[in-house]
2 protein chains.
Amino acid sequence: MKRAKKKIFRDYILEKGLKSTRQRDVILETFLSSERHMSIEELYLKLRAKHPNIGYATVYRSLKLFAESGIAREMQFGDGQTRYEHVEEGEHHDHLVCTRCGTILEFENETIEQLQTDVAASHDFLIQTHKLELYGLCAKCRK
Amino acid sequence: MKRAKKKIFRDYILEKGLKSTRQRDVILETFLSSERHMSIEELYLKLRAKHPNIGYATVYRSLKLFAESGIAREMQFGDGQTRYEHVEEGEHHDHLVCTRCGTILEFENETIEQLQTDVAASHDFLIQTHKLELYGLCAKCRK
DNA sequence: TGTAAAGTGAAAATCACTTTCAACAAGGGG
DNA sequence: CCCCTTGTTGAAAGTGATTTTCACTTTACA
Ligand SMILES: [Mn+2]
Ligand SMILES: [Mn+2]
Ligand SMILES: [Zn+2]
Ligand SMILES: [Zn+2]
């Protein structure tokens with residue numbers, strides 16, 4: 001799926017008349033082989049280990065591009081840092097966020113999704129995206 | 001209910017050994033008679049009309065106090081600004097946010113709330129708070 | 001290759017707050 | 001009332017995350 005995402009990004013770059021660069025390749029490879037929900041800072045630090053000359057701004061710009069191309073999603077969990085997660089083709093999930101250790105669990109619930117659609121319909125509202133996050137203590141932190 | 005919230009705040013102030021000030025009174029009165037989901041900037045501008053000498057920082061500090069006392073709730077809708085809404089005793093709701101005109105609609109759905117609890121339970125997760133926001137186009141903006 | 005257009009890194013700028021600090025008020029004795 | 005301790009305020013400086021600027025590369029393709 002790493003290969004598939006790289007292709008999607010390559011195609012996006014072409015379609016937009018942008019250029020393929022060494023930096024984007026390195027940042028994409030590192031992003032794809034990192035855990036989900038990485039903050040920009042975390043990715044930047046990880047990158048710097050092998051590529052000390054990659055600029056801070058370039059990481060920001062690249063992640064933004066990844067999101068535009070559809071292979072990544074930007075998200076905020078209220079800790080003041082933007083995080084990015086890999087987007088799997090045709091998949092959707094929401095999150096459980098531990099307020100003590102920061103762990104992020106994912107879940108899918110078709111019934112909730114359907115109810116959301118119903119709520120929107122009853123307000124004559126057209127849903128484009130939604131955000132459902134449950135904050136609390138994960139199993140480990142509840143002790 | 002304005003009266004009730006003022007009392008809650010007065011009690012909170014006393015309990016914490018804080019002081020009642022002209023600024024806090026004015027800011028609270030203005031906040032309570034404003035629409036819900038006001039950004040700090042919006043409230044500050046509204047205040048400045050009648051009270052040009054009230055400081056920016058004081059508005060921030062006061063809203064934070066209101067939230068601590070339980071009469072207001074801090075929220076983020078992803079537009080980069082913190083908004084505050086009035087908290088009604090024992091009531092909870094989630095939001096529909098129009099991405100075109102910024103209108104914010106509220107809704108309550110007990111079934112969704114229950115399902116959230118179920119999801120959390122299945123992950124041995126203890127919910128403290130949650131955030132459910134549906135982003136899209138309101139009736140007016142769908143045209 | 002030649003070159004127009006896009007990309008990069010470092011540093012400066014923004015943005016939305018938060019903190020600092022010296023001048024001011026509250027409010028509880030006396 | 002007056003004092004005095006302590007919390008409060010406004011202006012300005014500071015923060016931290018993200019963006020923009022700009023002189024200097026690179027890339028893509030003619
Ligand atoms: Mn996720
Ligand atoms: Mn609301
Ligand atoms: Zn945890
Ligand atoms: Zn609208």
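What you see is a predicted model; the values in this text were computed from it and never measured. The figures here come from the full heavy-atom set of this structure, side chains too, leaving out hydrogens, waters and symmetry mates. Chain A is the first sequence line, chain B the second, and so forth, proteins listed ahead of strands; every chain is numbered from 1.
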Fill in: Nearest atoms (heavy-atom pairs only) where Val87(B) meets Ala72(B)
CG2-C, 3.4 Å
Worksheet item: Would you say a side-chain N or O of Thr21(B) is under 4.0 Å from OP1 or OP2 of dG7(D)?
Response: no
Fill in: Residues within residues 2-19 of chain B bordering DNA chain C, heavy-atom distance below 4.0 Å
Lys19(B)
Discussion item. Any side-chain N or O of Ser20(A) below 4.0 angstrom from OP1/OP2 of dT27(D)?
Written reply: no
Discussion item. dA16(C), OP1 or OP2 - any side-chain N/O from Gln76(B) closer than 4.0 Å?
Written reply: no
Discussion item. Rounded to whole Å, please give me the gap between CG in Asp25(B) and P in dT8(D).
Written reply: 13 Å
Practice prompt. Specify the separation, in whole Å, of atom CG of Leu65(A) and atom P of dT19(D).
Written response: 12 Å
Worksheet entry | Euclidean distance, atom CD of residue Glu41(B) to atom C1' of dC17(C) [Å, nearest integer] | 11 Å
Practice prompt. For this output row, return yes or no: ring centroids of His95(A) and Phe107(A) closer than 6.0 angstrom.
Written response: no
Fill in: Side-chain N or O of Thr58(B) closer than 4.0 Å to phosphate OP1/OP2 of dT8(D)
no
Discussion item. Please report the distance, rounded to the nearest Å, between OH in Tyr84(B) and P in dA16(C).
Written reply: 15 Å
Worksheet item: Which heavy atom in Leu65(B) sits nearest to a heavy atom in Tyr12(B), and how many Å separate them?
Response: CD2-CE2, 4.0 Å
Practice prompt. Provide the closest heavy-atom pair for Cys98(A) versus Leu137(A) in the form atom of the first, atom of the second, distance.
Written response: SG-CA, 4.1 Å
Worksheet item: Only one of Ile54(A), Thr21(A), Leu32(A) forms a side chain to side chain contact (heavy atoms under 4.5 Å, CB included) with Ile27(A), so which one is it?
Response: Ile54(A)
Worksheet item: Phosphate oxygens OP1/OP2 of dG9(C): is one of them under 4.0 Å from a side-chain N or O of Gln23(A)?
Response: yes
Worksheet, complete the sentence: Looking only at heavy atoms, the pair that brings Phe125(A) and Val97(B) closest together is CZ-O, 3.3 Å
Fill in: 5'-most by nearest nucleotide on DNA chain C - Ala57(A) or Gly80(B)
Ala57(A)
Discussion item. Base, sugar-phosphate or nothing for Gln81(B)? Non-hydrogen atoms, less than 4.0 Å.
Written reply: sugar-phosphate
Worksheet item: Could you state the CD1-C1' distance from Ile54(B) to dT8(D), rounded to the nearest angstrom?
Response: 12 Å
Worksheet item: So, is Arg22(A) near the phosphate of dT27(D), with a side-chain N or O under 4.0 Å from OP1 or OP2?
Response: yes
Worksheet item: In a check of side chain to side chain contact (heavy atoms under 4.5 Å, CB included) between Asp94(A) and each of Glu106(A), Glu108(A), Glu113(A), which one passes?
Response: Glu113(A)
Worksheet item: dT8(C) phosphate, OP1 or OP2: any side-chain N/O from Arg61(A) under 4.0 angstrom?
Response: no
Discussion item. I want to know whether Phe31(B) and His86(B) have ring centres closer than 6.0 Å.
Written reply: yes
Worksheet item: dT18(D) C1' sits how many Å from Arg83(A) CZ, rounded?
Response: 15 Å
Practice prompt. Using a cut-off of strictly less than 4.0 Å, decide whether Arg24(A) has a side-chain nitrogen or oxygen near OP1 or OP2 of dT8(C).
Written response: yes
Item to complete: Measure from the side chain of Tyr60(B), starting at C-beta and using heavy atoms only, and say which of dT21(D), dT19(D), dT18(C) lies closest.
Response: dT18(C)
Item to complete: Give the rounded distance in Å between these two atoms: CZ of Phe66(A) and P of dG7(C).
Response: 13 Å
Discussion item. Would you say Thr82(A) places a side-chain N or O within less than 4.0 Å of OP1 or OP2 belonging to dT18(D)?
Written reply: yes
Practice prompt. Nearest whole angstrom, please: distance from the P of dA13(C) to the OH of Tyr56(A).
Written response: 18 Å
